[in-house]
Amino acid sequence: MSGAELAGFTATGFCVVLAILGLADSPRAFVPRVFAMGMLLLGAITACQAFAASATSLMEVVAWHQWKALVVGVAGATWLLFSLSFARSNSRELLLRSRWLLLGSVVLPIQLATMFRWSLYALDYAADAPAPEFLPLGWAGQVFYAVELLVAVLILSNLEGTLRASTGSKRWQIKFMVLGIGSIFVVQIYLASQTLLFSSVHLALEPVGPYTLLV
């Protein structure tokens with residue numbers, strides 16, 4: 001098992017554990033449920049990355065990245081929902097005002113990852129082609145990563161707003177959560193920016209996500 005596979009599967013396991021711990025105290029509360037769902041989706045993403053790292057053919061790599069894109073679309077909207085509701089006294093109002101943004105953040109990526117999945121990458125698909133080092137983006141891939149980048153920026157912006165608005169002991173209680181989740185999306189912004197800049201997914205950078213989750 002390669003380092004990328006080990007990191008991916010280990011990160012998946014930790015995400016599942018954190019999801020369970022997040023629900024342990026308040027299983028019926030809204031925010032812990034959203035957090036748990038977000039962690040499970042991050043675990044699914046790292047699992048897809050681990051399986052893609054173990055693939056030996058182009059079609060296997062593409063298939064796992066298509067699944068990853070679908071999960072990323074749902075995960076982005078889930079964490080955007082979390083960032084709007086975590087430690088916010090006016091979360092109901094924020095969610096109501098942002099309902100169309102939340103809807104768009106999940107519908108558009110899912111459509112791209114399903115209806116236009118063969119346009120995510122500009123490849124000459126061949127069943128016997130070896131696993132590549134890069135996945136050149138197609139037009140759907142360009143739009144998908146642009147949306148992913150925008151959603152990650154919005155999540156960071158909302159988390160920063162939450163931290164700035166908090167005071168005293170409340171700030172102390174939430175700062176580690178904000179820093180932890182924020183670091184994940186800082187890395188996502190970097191990776192999405194690199195992908196858009198070079199118009200291709202650099203597969204050697206894929207393990208960065210699981211390593212960030214572990215940290």
*Start with the C-alpha gap between I189 and S193, add the side-chain angles, then the distance that decides, and say whether side chain to side chain contact (heavy atoms under 4.5 Å, CB included) holds.*
CA-CA 6 Å; I189 289 172; S193 300; 4.0 Å; yes

Should [X] and [Y] count as side-chain neighbours, where that means a heavy-atom distance under 4.5 Å?
{"X": "V16", "Y": "I20", "answer": "yes"}
{"X": "V143", "Y": "F116", "answer": "no"}
{"X": "L213", "Y": "C15", "answer": "yes"}
{"X": "E60", "Y": "F51", "answer": "no"}
{"X": "L42", "Y": "T46", "answer": "no"}
{"X": "Y121", "Y": "V201", "answer": "yes"}
{"X": "Q49", "Y": "P207", "answer": "no"}

*Fit a plane to each ring of F134 and H202, take the angle between them on a 0 to 90° scale, and name the class: parallel (under 30°), tilted (30 to 60°) or perpendicular (over 60°).*
parallel

Mind checking whether [X] and [Y] sit in one hydrophobic cluster, side chains of I, L, V, M, F, W, Y counted as touching below 4.5 Å?
{"X": "V178", "Y": "I155", "result": "yes"}
{"X": "L21", "Y": "M39", "result": "no"}
{"X": "L18", "Y": "V215", "result": "no"}
{"X": "I184", "Y": "V151", "result": "yes"}
{"X": "L191", "Y": "L41", "result": "no"}

*Take W139 and L112 through the test side chain to side chain contact (heavy atoms under 4.5 Å, CB included) and record every step on the way to the result.*
CA-CA 10 Å; W139 70 266; L112 292 168; 4.2 Å; yes

*Verify the neighbour count for atom CZ of R99: are there more than 12 heavy atoms of other residues, nucleotides or ligands below 6.0 Å?*
yes

Taking all non-hydrogen atoms of both residues into account, name the closest pair between [X] and [Y] and its distance.
{"X": "G182", "Y": "L159", "answer": "N-CD1, 4.1 Å"}
{"X": "L120", "Y": "A69", "answer": "CD1-CB, 4.1 Å"}
{"X": "A75", "Y": "I45", "answer": "CB-CD1, 3.9 Å"}
{"X": "S85", "Y": "L95", "answer": "CB-CD1, 4.4 Å"}
{"X": "T162", "Y": "F86", "answer": "CG2-O, 3.5 Å"}
{"X": "R117", "Y": "A113", "answer": "CB-O, 3.3 Å"}

*Between Y190 and V208, does a side chain to side chain contact (heavy atoms under 4.5 Å, CB included) hold up when you go through it step by step?*
CA-CA 10 Å; Y190 168 75; V208 173; 5.7 Å; no

Strictly distance-based, threshold 3.5 Å: is any side-chain N or O of [X] a donor or acceptor partner for the main-chain N or O of [Y]?
{"X": "W79", "Y": "G38", "result": "yes"}
{"X": "T12", "Y": "G8", "result": "yes"}
{"X": "T10", "Y": "A7", "result": "no"}
{"X": "Q188", "Y": "A152", "result": "no"}
{"X": "S200", "Y": "P136", "result": "no"}

When rounded to the nearest 0.5 angstrom, what distance separates [atom1] in [X] from [atom2] in [Y]?
{"X": "I110", "Y": "S105", "atom1": "CD1", "atom2": "OG", "answer": "9.0 Å"}
{"X": "T195", "Y": "L135", "atom1": "OG1", "atom2": "CG", "answer": "9.5 Å"}
{"X": "L137", "Y": "F198", "atom1": "CG", "atom2": "CZ", "answer": "12.5 Å"}
{"X": "L96", "Y": "L84", "atom1": "CG", "atom2": "CG", "answer": "11.5 Å"}

*asked:* By the definition side-chain contact (heavy atoms from CB on, under 4.5 Å), identify the one residue from L80, V74, L81 that meets it with T78.
replied: V74

*Could you give me the CA-CA distance, side-chain angles and deciding distance for W67 and L70, then say whether side chain to side chain contact (heavy atoms under 4.5 Å, CB included) is met?*
CA-CA 5 Å; W67 279 110; L70 179 61; 4.0 Å; yes

